[in-house]
Amino acid sequence: MGFVAIDRPPAGIPQEVIARDNARLMDAHLADYAALAARLDRQNIDIEDIVAKLMTLEVGLPSWGMVSGGTRFARFPLAGEPTDVFEKIEDCAVVNQLSGLTPRVSLHFPWDQTSDYVALRQFGEAHGMGFDAINSNTFQDQAGQKRSYKFGSLSHSQAATRRQAIEHNLSCIEIGRQLGSKALTVWIGDGSNFPGQVEVTDTLERYLESLKVVYDALPADWRLLIEHKMYEPAFYSTVVQDWGTSILCAQTLGDKAQCLVDLGHHAPNVNIEMIVARLAQFGKLGGFHFNDSKYGDDDLDSGSVNPFQLFLVFNELVSADIRSKGKFKPAYMMDQSHNVTDPIESLLNSARAIAGAYVKALIVDRAALKSYQADNDVIMAHNSLRLAFETDVRAALAMARIRKGGAIDPIACYRASSYRALKAETRKFDPHLGGGIV
Ligand code: RM4
Ligand code: MN
Ligand code: MN
């Protein structure tokens, strides 16, 4: 088809805007880079190796995070926000252009439904965007749907509702095939609001039976990512509530099934880096949804509340990568909701936080750490992590971005482009739109 790509040429940030903003900041950047290189050199680390590794890191964007989110109280729409999946991809491409970190988008169905997925794929390609894991949605009722998910979907007490939820997941696989995706992420809202409402063993049995049908339909080179969440929308019990249930399900289903860790889906204070290490050790860490959280919200910007935790998570990821000798390939994605910021700015900041956590994990002196651990030298072992975390690595991140055609200061450059204001002139303003949830 291809008409979409022709009708809507890649917009993005004009190259001269990036060049102009980078020129303004270049001297200071190069001085900072030289200082960081010297500091790392004293630790026998070549900054060029770090930048080269960072340039291989890729993180998927959530299509549903491109539109202003909301709470159950209200949503405050933003003029110029995207109104359909094509416009979401345009905005994803801007994040990728400036950050150099996010070359794929993770779509959510039916929110991102369109009539021609071949055209959508071409549109993505024309914007430098590929397609990450497909997300199914059986936590809401959709227009025209025969049966309600009010009391569950894949684990529902009635076979016909389970069948409908299975069919939806199968259609997501079919869409994903056309888009070139390689994974299906299944997160369900199934659970209960009252003790006694469901029999918790029955629901998990039914969930597994349903998911087996989906699993069997997966293409050979695909993964099924099982996403757990402690609570919400179900407030008393949730069918796939934690990583324990998640890994049991993934092990029951087989090799193509793995666990997806959404950083926001745990009880406060849970040691998520431990969960990461355990899942990786047993070959079941398949993917990530990066975000942050403080109390109940699971979708704050990555690194905005607890950047040390993000670093500790990356410390385990780098360690798992070294152990696996390159075989460890989790799908990194963001899953955020932006209620009071421009989504593009939040995602640019999050990209910086994720890249920073990765680089800080890369510069941990692992040989020294091991020997401190062997000697039970607690302070020095701890400081091996602390000192890496406290290192200002921003110049390394900026260098990776520059080499990918991105911006030294992505948010300043984005603002200089007036991208959102220009979009507000051409995109229709619809206060009723949303990521699907409010
Ligand atoms: C859920 C979960 C899923 C996402 C939805 C929108 O809390 O994090 O990954 O698909 O929100
Ligand atoms: Mn998620
Ligand atoms: Mn979530």
Side-chain angles (χ1 to χ4, degrees), residues 59-72 75 85 88 104-113 131-142 149 152-154 165 168-169 172 175-176 181 183-191 211 223-235 238-243 245-246 258-268 270 272 275-276 279 285-302 304-305 310 313 330-339 343 346-347 350 354 433-438:
V59 182
L61 292 169
S63 69
W64 59 102
M66 307 314 295
V67 178
S68 294
T71 65
R72 64 200 170 90
R75 188 183 89 88
V85 62
K88 288 177 190 173
R104 282 185 300 279
V105 54
S106 188
L107 298 189
H108 216 301
F109 290 96
W111 294 339
D112 292 321
Q113 217 159 34
F131 295 88
D132 223 309
I134 299 289
N135 301 265
S136 60
N137 178 341
T138 61
F139 47 86
Q140 283 177 318
D141 286 346
Q142 309 301 336
Y149 295 134
S153 59
L154 291 172
H168 169 67
N169 277 284
C172 284
I175 292 170
S181 292
L184 174 72
T185 298
V186 178
W187 171 71
I188 55 164
D190 296 28
L211 207 54
R223 288 192 273 186
L224 176 66
L225 301 176
I226 300 172
E227 179 176 2
H228 62 273
K229 184 176 184 182
M230 189 183 65
Y231 78 99
E232 197 205 21
F235 287 117
T238 287
V239 176
V240 186
Q241 88 284 13
D242 63 14
W243 72 279
T245 300
S246 180
Q258 291 186 310
C259 308
L260 182 143
V261 175
D262 181 315
L263 295 186
H265 288 186
H266 307 90
V270 161
I272 301 176
I275 295 171
V276 169
L279 290 175
L285 185 61
F288 261 92
H289 276 175
F290 291 116
N291 50 43
D292 215 332
S293 55
K294 180 68 178 170
Y295 302 110
D297 188 276
D298 54 322
D299 289 319
L300 302 180
D301 290 13
S302 304
S304 63
V305 177
L310 188 61
V313 164
Y332 296 131
M333 290 166 279
M334 298 188 212
D335 179 5
Q336 304 184 166
S337 176
H338 314 106
N339 304 340
S346 269
L347 291 161
S350 302
I354 292 166
L433 265 176
I437 311 170
V438 162

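Remember, it's 1-based here, ligands and their atoms both numbered in the order they're listed.
- Side-chain contact, N291 with S293: no donor N or O sits under 3.5 Å from an acceptor N or O.
- Between W64 and ligand 1, no N or O atom pair is found at a separation short of 3.5 Å.
- Proximity of T185 to ligand 1, defined as any heavy-atom pair under 4.0 Å, is not found for any part of the residue.
- Counting atoms of ligand 1 from 1 in the listed order, those under 4.0 Å from a heavy atom of D298 are 7 (O).
- We find the CH2-CG distance between W243 and L279 to be 6.0 Å, quoted to the nearest 0.5 Å.
- Each of the following atoms of ligand 1 lies closer than 4.0 Å to a heavy atom of D262: 8 (O).
- Taking 2.8 Å as the threshold, D262 counts as a candidate ligand of the Mn ion (ligand 2), since one of its N, O or S atoms lies below it.
- Ligand 1 has a nitrogen or oxygen under 3.5 angstrom from a nitrogen or oxygen of H289.
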Exercise for review: Go through the steps to decide whether W64 and D112 satisfy the test side chain to side chain donor-acceptor pair (under 3.5 Å), and finish with yes or no.
Suggested key: CA-CA 9 Å; W64 59 102; D112 292 321; over 6 Å; no
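- One option in K229, Q336, E227 has a heavy atom closer to atom 2 (C) of ligand 1 than any other, and that option is E227.
- Distances from the Mn ion (ligand 2) to the N/O/S atoms of E227 are shortest for OE2.
- With the Mn ion (ligand 2) as vertex, D335 OD2 and H289 ND1 subtend 100°, rounded to 10°.
- Across Q140 and N137, no two heavy atoms sit closer than the pair OE1-ND2, 3.0 Å.
- Of all heavy-atom pairs spanning Q336 and S346, the tightest one is NE2-O, 4.2 Å.
- Ring geometry for F288 versus F290: interplanar angle under 30°, hence parallel rather than tilted (30 to 60°).
- For ligand 1, the atoms lying closer than 4.0 Å to a non-hydrogen atom of H108 are 4 (C), 6 (C), 10 (O).
- Closest non-hydrogen pair, L285 versus P330, comes out as O-CB, 4.0 Å.
- Side-chain atoms of D190 come within 3.5 Å of backbone atoms of S153 as a donor-acceptor pair (strictly under, hydrogens ignored).
- Every N/O-N/O distance between W111 and ligand 1 stays at or above 3.5 Å.
- In this structure, H266 and H228 have perpendicular ring planes: the angle between them is above 60°, well past the 30° mark.
- Distances from the Mn ion (ligand 3) to each N, O or S atom of H265 single out NE2 as the nearest.
- Ring planes of W111 and F139: perpendicular class, angle over 60° (limits at 30 and 60°).
- Using a 4.0 angstrom heavy-atom cutoff, E232 does not count as in contact with ligand 1.
- For D298, the N/O/S atom at the shortest distance from the Mn ion (ligand 3) is named OD2.
- Closest approach of S304 and D292 over heavy atoms only: N-OD2, 3.4 Å.
- Heavy-atom proximity to D335, at under 4.0 Å, picks out these atoms of ligand 1: 2 (C), 3 (C), 4 (C), 8 (O), 9 (O).
- Between W187 and ligand 1, not a single N/O pair is under 3.5 Å apart.
- Close contacts between ligand 1 and H265 involve ligand atoms 2 (C), 7 (O), 8 (O) [criterion: under 4.0 Å to a heavy atom].
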